[in-house]
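This report concerns only the one structure given below.
As the structure lists them, so they are numbered: ligands from 1, and atoms in each ligand from 1. Counting begins at 1 with the first residue of the sequence.
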Amino acid sequence: MSSPVSEIPARGGNITVAPLPDSERKGLTKKEIAADQPTWCPGCGDFSVLALYFKLIEKRKLWHEKITTVAGIGCSSRFPYFVQAHGAHYIHGRALPFASGISLSRPDLHLFVFGGDGDAFSIGGNHFNHTARKNIKMTYVVMDNWVYGLTKKQTSPTSPLGFKSKTDVWGAVDHPINPMKQAVSAGATFVARTTHTNPNHVLQMMEAAMDHDGFSFIECLSECVEFFEGAFDASNPRKGGVFSTVPADHDVTNEMAAYKLADAAFPGYFGIFYNVNRPTKNALEAKINADAREKVKSLKDWQILQKNFDRMK
Ligand SMILES: Cc1ncc(C[n+]2csc(CCOP(=O)(O)OP(=O)(O)O)c2C)c(N)n1
Ligand code: SF4
Ligand SMILES: [Mg+2]
């Protein structure tokens with residue numbers, strides 16, 4: 001592991017350490033970020049998302065103490081197990097509330113949340129909408145495989161009509177959600193779409209999302225080769241499909257234009273659909289805290305506490 005400190009021999013032979021300035025620190029290497037061998041099935045799309053996350057960390061010189069990787073439960077949500085960094089593999093559908101706490105208490109961190117379509121839009125659907133509308137600063141990558149992979153093939157909220165699964169043996173009859181429309185309508189301020197079969201594009205979207213000040217959402221198509229093989233072939237030129245990027249004249253600040261892009265039939269478009277600036281909950285809360293502090297700046301912490309207790313009497 002690259003050391004963030006310089007070693008200075010002190011008198012008496014002891015070693016003391018002084019932090020190296022950021023400009024002199026090396027970026028982490030893949031070897032320093034990769035943890036256990038991923039347990040995904042050979043050929044699973046999730047491998048490329050993980051590899052590109054490592055690339056992002058390497059490229060942008062993100063150090064261990066600057067990043068947090070959070071997930072819910074699912075094959076895709078095993079993600080933090082495979083990253084040698086701070087993070088948590090949390091509860092199914094509850095990654096976003098957990099991440100919100102981290103973001104609001106440590107807005108200086110780069111916070112990445114990874115998960116699946118079931119985790120994000122089924123059990124976690126409610127949290128998705130509220131985290132988006134609150135514009136809490138983090139990057140949320142949903143590895144959409146149109147199925148519940150970990151639990152071995154149940155219909156997910158993004159499964160297409162007619163999809164045969166253990167929960168819909170005669171074919172799915174429920175209208176699937178459109179993650180892009182849902183993200184925009186919920187109030188996400190950055191909404192992008194990519195696919196695991198185009199590594200450069202995934203990296204480009206992750207970088208743009210990371211640089212966005214607010215809740216940034218990426219739908220990344222990630223094939224489940226075990227339970228929905230070939231689902232995304234129509235978007236993969238190597239399989240005879242078409243990969244169409246967002247037209248150059250698309251206005252990313254135009255909500256209606258974003259819906260229009262999202263309305264295109266599969267394989268649709270790939271790129272940034274929507275990107276606007278709106279104050280984050282992080283900034284708004286920080287201001288409330290600062291204003292409150294200003295009012296009581298002459299008091300010691302225990303005196304503020306005492307005042308609060310007195311008010312409750
Ligand atoms: C509260 C709760 N309900 C249900 C489950 C069972 N469960 C685990 S993962 C999962 C769905 C996974 O699908 P998805 O989020 O799409 O991830 P994938 O495995 O496809 O990557 C379910 C229903 C659970 N672990 N916890
Ligand atoms: S079951 Fe599907 S999603 Fe899960 S690891 Fe295997 S290929 Fe990937
Ligand atoms: Mg899934």
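One option in N145, T39, V225 has a heavy atom closer to atom 3 (S) of ligand 2 than any other, and that option is N145. The heavy atom nearest to atom 21 (O) of ligand 1, out of those in S122, S76, G116, is found in S76. Nearest to atom 3 (N) of ligand 1 by heavy-atom distance, out of R78, K153, Q154, H92, is H92.
Counting backbone and side-chain atoms alike, V147 contributes an N/O/S atom closer than 2.8 Å to the Mg ion (ligand 3). At least one N, O or S atom of N145 sits under 2.8 Å from the Mg ion (ligand 3). Taking backbone and side-chain atoms together, C224 has no N/O/S atom less than 2.8 Å away from atom 4 (Fe) of ligand 2.
Close contacts between ligand 2 and C44 involve ligand atoms 3 (S), 5 (S), 7 (S), 8 (Fe) [criterion: under 4.0 Å to a heavy atom]. Proximity to C75 (heavy-atom distance under 4.0 Å) selects the following atoms of ligand 2: 1 (S), 3 (S), 4 (Fe), 5 (S). If you number the atoms of ligand 1 from 1 as listed, the ones under 4.0 Å from a heavy atom of L150 come out as 9 (S), 19 (O). Distances below 4.0 Å separate heavy atoms of I123 from the following atoms of ligand 1: 1 (C). Residue-ligand proximity, G149 to ligand 1, at heavy-atom distances under 4.0 Å covers atoms 18 (P), 19 (O), 20 (O). For ligand 2, the atoms sitting less than 4.0 Å from at least one non-hydrogen atom of F227 are 1 (S), numbered in the order shown with element in parentheses. Close approach of ligand 1 to C75 (heavy-atom distance below 4.0 Å) involves ligand atoms 18 (P), 19 (O), 21 (O). Every atom of ligand 1 is numbered from 1 in the order shown, and the set under 4.0 Å from a heavy atom of N145 is 18 (P), 20 (O), 21 (O).
With rounding to the nearest 0.5 Å, the separation of CD1 in I136 from CD1 in I102 is 11.5 Å. Note that CZ of R78 is 6.0 Å distant from CG of L150, once rounded to the nearest 0.5 Å.
Looking from atom 25 (N) of ligand 1 to the surrounding protein, the closest heavy atom is I73 CG2, 3.8 Å. In this structure, the protein non-hydrogen atom closest to atom 14 (P) of ligand 1 is G118 N, 3.5 Å. Here the protein heavy atom with the shortest distance to atom 15 (O) of ligand 1 is D119 N, 2.7 Å. Protein heavy atom nearest atom 6 (Fe) of ligand 2, with residue, atom name and distance: C41 SG, 2.3 Å.
An N or O contact shorter than 3.5 Å is missing between M143 and ligand 1 by distance. When only interatomic distances are considered, the shortest N/O to N/O separation between G74 and ligand 1 does not fall below 3.5 Å. Looking at ligand 1, you won't find any N or O of S77 less than 3.5 Å from one of its N or O atoms. Among the atoms of T151, none of the N or O lies under 3.5 angstrom from an N or O of ligand 1.
With salt bridges taken as basic N to acidic carboxylate O contacts below 4.0 Å, one links K287 and D291. Ion pairing between K153 and E229 fails under the 4.0 Å rule for side-chain N and carboxylate O. With respect to D263 and K181, a salt bridge is recorded, a charged nitrogen being found less than 4.0 Å from a carboxylate O.
Using modelled atom types, one side-chain atom of W63 and one backbone atom of K26 make a donor-acceptor pair closer than 3.5 Å.
A donor-acceptor contact closer than 3.5 angstrom is absent between the side chains of Q182 and N178. Side chains of S165 and Y148: a donor-acceptor N/O pair is absent below 3.5 angstrom, by distance only. For the residue pair N282/S103, the side-chain donor-acceptor check at 3.5 Å is satisfied. Side-chain contact of S222 with H196: a donor-acceptor pair under 3.5 Å is absent, judged by distance alone. A donor atom on one side chain and an acceptor atom on the other are found under 3.5 Å apart for T189 and N135.
Residue E207 forms a side chain to side chain donor-acceptor pair (under 3.5 Å) with just one option from K55, H212, R60, and that option is R60.
Residue F215 is grouped with residue L109 when hydrophobic side chains (ILVMFWY) are merged at heavy-atom distances under 4.5 angstrom, including chains of intermediate members. F82 and Y90 are assigned to two separate hydrophobic clusters, defined by single-linkage of ILVMFWY side chains at heavy-atom distances under 4.5 Å.
Taking the Mg ion (ligand 3) as reference, D117 places its N/O/S atom OD1 nearest.
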